[in-house]
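Written out below as structure tokens is the structure these notes cover.
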Number of protein chains: 2
Amino acid sequence: MTTIFLKQITTFTKTIVKMDFQVKFDINDRIYLRNPENSEVGKLMVKKAIDLIYELGFEQFTFKKLAIEIHSTETTIYRYFENKHRLLLYILNWYWCYMEFLVTFKLENVTDKKERLKIIVHLLTHELAESTSKFDYNKAFLNQIVIAESSKVYLVKDVAEINRSEVFKPYKDLCAKIAEVISEYNSDYKYPRSLSTTLIETSHHQQYFSVNLPKLTDISSNKNSEFTSQFIEDFLFKVLGQSGDEMV
Amino acid sequence: MTTIFLKQITTFTKTIVKMDFQVKFDINDRIYLRNPENSEVGKLMVKKAIDLIYELGFEQFTFKKLAIEIHSTETTIYRYFENKHRLLLYILNWYWCYMEFLVTFKLENVTDKKERLKIIVHLLTHELAESTSKFDYNKAFLNQIVIAESSKVYLVKDVAEINRSEVFKPYKDLCAKIAEVISEYNSDYKYPRSLSTTLIETSHHQQYFSVNLPKLTDISSNKNSEFTSQFIEDFLFKVLGQSGDEMV
DNA sequence: TCATTTAGTATAGTATTACTATCAAGTGTA
DNA sequence: TACACTTGATAGTAATACTATACTAAATGA
């Protein structure tokens, strides 16, 4: 069980929503050897892993460096996670679950189908709200990890074997959730899932490119998340039609 | 200088074109320490690297394994490439240059603006034609490497430093070339470069997902390159408008 | 033609990575 | 009190990602 502390002020869609409560969700127990949520070292391990992967990049990140950071040993970390790939997968599972929760939460009571899609685009292209809890993960870092490292969990030779343990389920669920909102908007559209993953993946690499390889984008200013958001929204409504439930 | 041997029969767009000639292009000399094209070991090194990276995946690929494969030593390989990341970059530079050449070549004398875009989508979503030359790279393997490993050359912490040596120029050029054809088709479209990279990247991961994580797509049959091609084409012409030079 | 540079090979060695094994100490609980 | 369970300390291994040195053969060039 993972606890999310939500304490944020959202000024999105002209309403101000203040949240301050807890949510819990499960993470597939085949990702870890021992649940990091059940101990202090475990929780510290994941939190500091996010800081270190952000700082060093996944390739330079090692269990040795993490052990030093949390004043523990490699042995202890290996008791929780088989290897660093699994730890990254754990972090991303947390993110995918959290994102699916946020989508569900933010769409609550929003009936306008276009608005529902806009909310999703906004969530995918803007940073997660920082929580005030000291025990929570650094959302700005988590966001950068999702953008720069997430493809490394599935672009591996043994993806088939890894996939068998259902560790990509939260990504698939998020994809299905967004696909559902797409189909609600335009039930004739033939590729809701592919469009869903395209939205997710494109929001990652357009953000990455606009910062690191701007010539691969059309960014002009330095407001890259606004840029990505506009690009994605523009193509989404051109693909699905400007007004809901009818083909163009 | 790199030599391409083209020997292929294309049945695309109802015409049969038979090609059998050579093309050469330069690869940025800051990628390598010594030009692999200038020696037999060098050429064998790159060719076998493609085979090995395909077979093992980039993470499991090492210079030691490559040395054994080409009956040479690690030392020799290190004289050509600083590290395996640079070797992958060399292979991808070759691919990006080749793809830009293919785009230019296949668009020659095609005036219909929609047809021009369709040709690009076809090139991005279908396997490269295999050449008959024994000395040439294995195109099927190269294709899989581009799909599964290409993002690993830019999703690294030191991307800024790597970018300074202009090693991503062929990717940027390919992006600019496609962006040009997009703008020709619809001069009002605001994001030609972002759409261009989205086409390239999306064609990679939709192909990857349709084979390895099909739930993230809408694939039904097993003809995944046809599927990706249809999805991308549908997407592209909805974004740019069904008929050229007018906004929908 | 002889001297010099260049390319490839052989061998050796280092620091780090990615683990595994063993055992002792502390803590919680039945 | 005894046992399970977790963590830590220490040690060790095979592989990785290199670097250094020195020798040989071939090409170049004055």
Side-chain angles (χ1 to χ4, degrees), chain A residues 1 29-49 52-53 55-91 149 152-153 156-158 161-162, chain B residues 1 27 29-49 52-53 55-91 149 152-153 155-158 161-162:
Chain A
M1 288 301 224
D29 62 12
R30 276 183 276 183
I31 291 174
Y32 49 76
L33 300 170
R34 182 170 300 173
N35 192 339
E37 280 305 305
N38 289 346
S39 74
E40 291 307 308
V41 240
K43 279 183 267 188
L44 189 61
M45 198 177 288
V46 177
K47 183 177 161 54
K48 288 286 180 184
L52 266 185
I53 293 172
E55 193 194 322
L56 306 169
F58 187 61
E59 286 74 22
Q60 303 306 312
F61 167 80
T62 67
F63 277 4
K64 181 85 202 165
K65 290 170 185 169
L66 179 57
I68 293 166
E69 193 71 17
I70 63 172
H71 306 291
S72 178
T73 59
E74 278 181 274
T75 322
T76 301
I77 301 169
Y78 276 109
R79 287 216 179 87
Y80 284 86
F81 297 100
E82 240 179 283
N83 50 50
K84 67 175 184 172
H85 182 270
R86 289 278 153 161
L87 177 45
L88 180 59
L89 202 47
Y90 180 89
I91 292 166
E149 322 287 359
K152 294 168 191 172
V153 300
V156 289
K157 258 289 147 172
D158 54 347
E161 204 200 315
I162 295 170
Chain B
M1 288 298 224
I27 284 177
D29 62 12
R30 277 183 276 184
I31 291 174
Y32 49 77
L33 300 170
R34 182 172 299 173
N35 193 339
E37 279 305 306
N38 289 344
S39 74
E40 290 308 309
V41 240
K43 279 183 268 188
L44 189 63
M45 198 176 287
V46 176
K47 184 177 161 54
K48 289 286 179 185
L52 267 185
I53 293 172
E55 191 193 322
L56 305 169
F58 188 61
E59 287 74 23
Q60 305 305 313
F61 166 80
T62 68
F63 276 4
K64 180 86 203 166
K65 290 170 185 168
L66 179 56
I68 291 164
E69 193 71 15
I70 63 172
H71 306 291
S72 180
T73 59
E74 276 182 277
T75 323
T76 301
I77 301 168
Y78 276 110
R79 289 228 171 79
Y80 284 86
F81 297 100
E82 241 179 281
N83 50 51
K84 69 174 184 173
H85 183 269
R86 289 276 152 161
L87 176 47
L88 179 59
L89 203 46
Y90 180 89
I91 292 166
E149 322 287 0
K152 294 169 190 171
V153 300
L155 293 178
V156 289
K157 258 288 149 176
D158 54 348
E161 204 200 315
I162 294 169

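Residue numbers begin at 1 in each chain, while the letters A, B, ... track the order of the sequences. Worth saying up front: this structure is predicted, and the values here are computed from it rather than measured.
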(request) Take atom CG of B:L87 and atom C1' of D:dC18, then tell me their distance rounded to the nearest Å. (result) 15 Å
(request) May I ask you to verify whether the side chain of A:T75 and the base of D:dT10 hold a donor-acceptor pair under 3.5 Å? (result) yes
(message) In the structure I gave you, are the side-chain heavy atoms of B:R79 and B:L33 within less than 4.5 Å of one another anywhere?
(response) no
(message) Check this one for me: any side-chain N or O of A:S72 less than 4.0 Å away from OP1 or OP2 of D:dG8?
(response) yes
(request) Measure the distance from CD1 on A:I68 to C1' on C:dT17 and round it to the nearest whole Å. (result) 13 Å
(message) Can you identify which nucleotide, out of C:dT17, D:dT16, D:dC18, has its nearest atom closest to the B:T62 side chain?
(response) D:dT16
(message) Could you tell me how far apart A:L66 (CG) and C:dT17 (C1') are, to the nearest whole angstrom?
(response) 14 Å
(request) Indicate the ring-plane relationship of A:F58 and A:F61, choosing parallel, tilted or perpendicular according to the 30° and 60° boundaries. (result) parallel
(message) I need the CD-P distance between A:E40 and C:dG28, as an integer number of Å.
(response) 13 Å
(request) Find out whether A:K65 and A:Q60 are in side-chain contact, i.e. whether some heavy atom of one side chain is under 4.5 Å from a heavy atom of the other. (result) yes
(request) Send over the distance from A:I77 CD1 to D:dG8 P, rounded to a whole Å. (result) 10 Å
(message) Return the CG to NZ distance between A:L52 and A:K84, rounded to the nearest 0.5 Å.
(response) 11.5 Å
(message) Counting distance alone, no hydrogens or angles: does the base of D:dT7 have a donor or acceptor under 3.5 Å from a partner atom on the side chain of A:R34?
(response) no
(request) Would you classify A:K64 as touching base, sugar-phosphate or nothing, given that sugar-phosphate means primed atoms plus P, OP1 and OP2, and contacts are heavy atoms under 4.0 Å? (result) nothing
(request) Check the distance between D:dA9's P and A:I70's CD1 and give it to me in whole angstrom. (result) 12 Å
(request) Let me know the distance between CZ of B:R79 and C1' of D:dA20, rounded to the nearest Å. (result) 10 Å
(request) Report the C-alpha separation of B:F81 and B:L89 in whole Å, then their side-chain angles, then the decisive distance to 0.1 Å, and conclude whether the side-chain contact (heavy atoms from CB on, under 4.5 Å) test is met. (result) CA-CA 10 Å; B:F81 297 100; B:L89 203 46; over 6 Å; no
(message) Side chain of B:K84 only, heavy atoms from C-beta on: which candidate in D:dA17, D:dA22, C:dC23 is closest?
(response) D:dA17
(message) What is the distance, to the nearest angstrom, from the CD atom on B:E59 to the P atom on D:dA17?
(response) 10 Å
(message) Using OP1 and OP2 only, check whether a side-chain N or O of B:Y80 sits under 4.0 Å from C:dG8.
(response) yes
(message) Counting the atoms with a prime plus P, OP1 and OP2 as sugar-phosphate, which does A:Y78 contact under 4.0 Å by heavy atoms, base, sugar-phosphate, or nothing?
(response) base
(request) Could you please name the option among C:dA18, D:dT7, C:dT9 that lies closest to any side-chain atom of B:T76? (result) C:dT9
(request) Go through C:dT9, C:dA18, D:dC18 for me and flag the one nearest to the B:E74 side chain. (result) D:dC18
